[in-house]
Amino acid sequence: QVQLVESGGGLVQAGGSLRLSCAASGRTFSVYVMGWFRQPPGKEREFVAAITWGGGGTYYADSVKGRFTISRDNAKNTVSLQMGSLKPEDTAVYYCAATERSIATAFLWDTKKYEYWGRGTQVTVSS
């Protein structure tokens, strides 16, 4: 089992920055990929970014590419999401996710590929 706890959400003005963190505990040695997803109000959960735990390969949704950066600290078992140039449409509950399974990069966006989820943290971007 892997437990995930997100932190760092809040209210920020458009154009601002925010950094989210996800602390992992439990069987972290078995994690293959960690990702960030978000769920805007009234919409389905969507992929934001992912990082492989071992090699550190990073992947982004087109909507955040160039504005968000995902990183990991294996020693501290944390994954962070640095968000910049925030827009009102980035408003959502942000979730950290992890999987122990090997996922093809073509399926990193698929919520069903991740078996561990945090409870989420709210990010609100005002215009």
Side-chain angles (χ1 to χ4, degrees):
Q1 291 287 321
V2 177
Q3 294 79 43
L4 304 172
V5 179
E6 304 95 337
S7 61
L11 174 64
V12 63
Q13 287 189 332
S17 300
L18 208 57
R19 185 178 181 87
L20 305 183
S21 292
C22 174
S25 59
R27 290 183 6 150
T28 56
F29 62 87
S30 63
V31 170
Y32 180 74
V33 172
M34 291 191 71
W36 285 97
F37 288 75
R38 67 186 182 186
Q39 189 161 12
K43 297 184 179 181
E44 293 189 352
R45 197 168 298 189
E46 62 185 25
F47 172 74
V48 175
I51 188 166
T52 56
W53 200 241
T58 57
Y59 308 87
Y60 298 93
D62 288 342
S63 59
V64 306
K65 205 170 290 183
R67 300 189 297 123
F68 291 10
T69 302
I70 188 171
S71 61
R72 79 196 195 289
D73 185 330
N74 291 40
K76 296 182 179 180
N77 290 329
T78 59
V79 172
S80 297
L81 185 69
Q82 179 67 45
M83 306 186 293
S85 301
L86 284 162
K87 306 174 183 179
E89 50 264 44
D90 293 318
T91 295
V93 177
Y94 283 70
Y95 297 89
C96 179
T99 179
E100 297 174 312
R101 299 187 290 252
S102 174
I103 306 177
T105 55
F107 294 100
L108 288 172
W109 59 270
D110 188 351
T111 58
K112 296 188 293 295
K113 299 296 185 182
Y114 297 80
E115 60 268 32
Y116 303 111
W117 291 86
R119 293 191 173 186
T121 185
Q122 176 71 46
V123 171
T124 303
V125 184
S126 63
S127 57

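Computed from a predicted model, the values in this text were never measured in an experiment.
Placement of Leu20 and Tyr114 in two distinct hydrophobic clusters is found when ILVMFWY residues are connected by side-chain heavy-atom separations under 4.5 Å, directly or transitively. In the hydrophobic clustering of this structure, Phe47 does not group with Ile51; members are Ile, Leu, Val, Met, Phe, Trp, Tyr whose side-chain heavy atoms approach within less than 4.5 Å, directly or through other members. The same ILVMFWY cluster, assembled from side-chain heavy atoms under 4.5 Å apart, contains both Leu108 and Tyr32. Hydrophobic clustering places Leu81 together with Met34 (ILVMFWY residues linked when any side-chain heavy atoms are closer than 4.5 Å, directly or through intermediates). Residues Trp36 and Val2 share a hydrophobic cluster, clusters being chains of Ile/Leu/Val/Met/Phe/Trp/Tyr side chains in contact below 4.5 Å.
Annotation for Phe107: atom CZ does not count as buried by contact number, only 12 or fewer foreign heavy atoms lying within 6.0 Å.
For Tyr94, the side-chain hydrogen bond (donor to acceptor under 3.5 Å, both in side chains) partners are Arg38, not counting sequence neighbours. Tyr60 pairs by the side-chain hydrogen bond (donor to acceptor under 3.5 Å, both in side chains) definition with nothing, not counting sequence neighbours. Residues passing the side-chain hydrogen bond (donor to acceptor under 3.5 Å, both in side chains) test with Asp62, sequence neighbours excluded: Lys65. Scored by the side-chain hydrogen bond (donor to acceptor under 3.5 Å, both in side chains) test, Thr121 finds no partners at all (sequence neighbours excluded).
Identified under the disulfide bond (SG atoms under 2.5 Å apart) test for residues 42-93, with sequence neighbours left out: none.
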Identify each donor-acceptor pair in which a side-chain atom of residues 4-19 lies under 3.5 Å from a protein atom, sequence neighbours left out, and give them as a table.
residue	atom	partner	partner atom	Å
Glu6	OE1	Arg119	N	3.1
Glu6	OE1	Gly120	N	2.9
Glu6	OE2	Cys96	N	2.8
Glu6	OE2	Gly120	N	3.2
Arg19	NH1	Gln82	OE1	3.1

May I have the step-by-step check of side-chain contact (heavy atoms from CB on, under 4.5 Å) for Tyr95 and Val48, ending in yes or no?
CA-CA 9 Å; Tyr95 297 89; Val48 175; over 6 Å; no

Between Trp53 and Asn77, is the side-chain contact (heavy atoms from CB on, under 4.5 Å) condition met? List the steps.
CA-CA 9 Å; Trp53 200 241; Asn77 290 329; 3.8 Å; yes

Go through Met83 and Asp90 one step at a time and tell me if the side-chain contact (heavy atoms from CB on, under 4.5 Å) criterion holds.
CA-CA 10 Å; Met83 306 186 293; Asp90 293 318; over 6 Å; no

Yes or no on side-chain contact (heavy atoms from CB on, under 4.5 Å) for Val125 and Val123, after CA distance, side-chain angles and deciding distance?
CA-CA 7 Å; Val125 184; Val123 171; 4.2 Å; yes

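Within the 3.5 Å criterion, the main-chain N or O of Gly57 finds a donor-acceptor partner in the side chain of Thr52. Side chain of Ser127 to main chain of Pro88: no donor-acceptor pair is present (N/O by atom type, distance under 3.5 Å, no hydrogens or angles). Checked by atom type and distance alone, the side chain of Arg72 pairs as donor or acceptor with a backbone atom of Gly54 at under 3.5 Å.
The closest side-chain donor-acceptor pair between Tyr116 and Gln1, if any, does not fall under 3.5 angstrom.
The shortest heavy-atom contact between Arg45 and Trp117 is NH1-CE3, 3.3 Å. Closest approach of Arg101 and Lys112 over heavy atoms only: NH2-O, 3.8 Å.
Within the 4.5 Å cutoff, side-chain heavy atoms of Phe68 are placed close to those of Leu86. Side-chain contact check for Ile70 versus Tyr59: every heavy-atom pair is 4.5 Å or farther apart.
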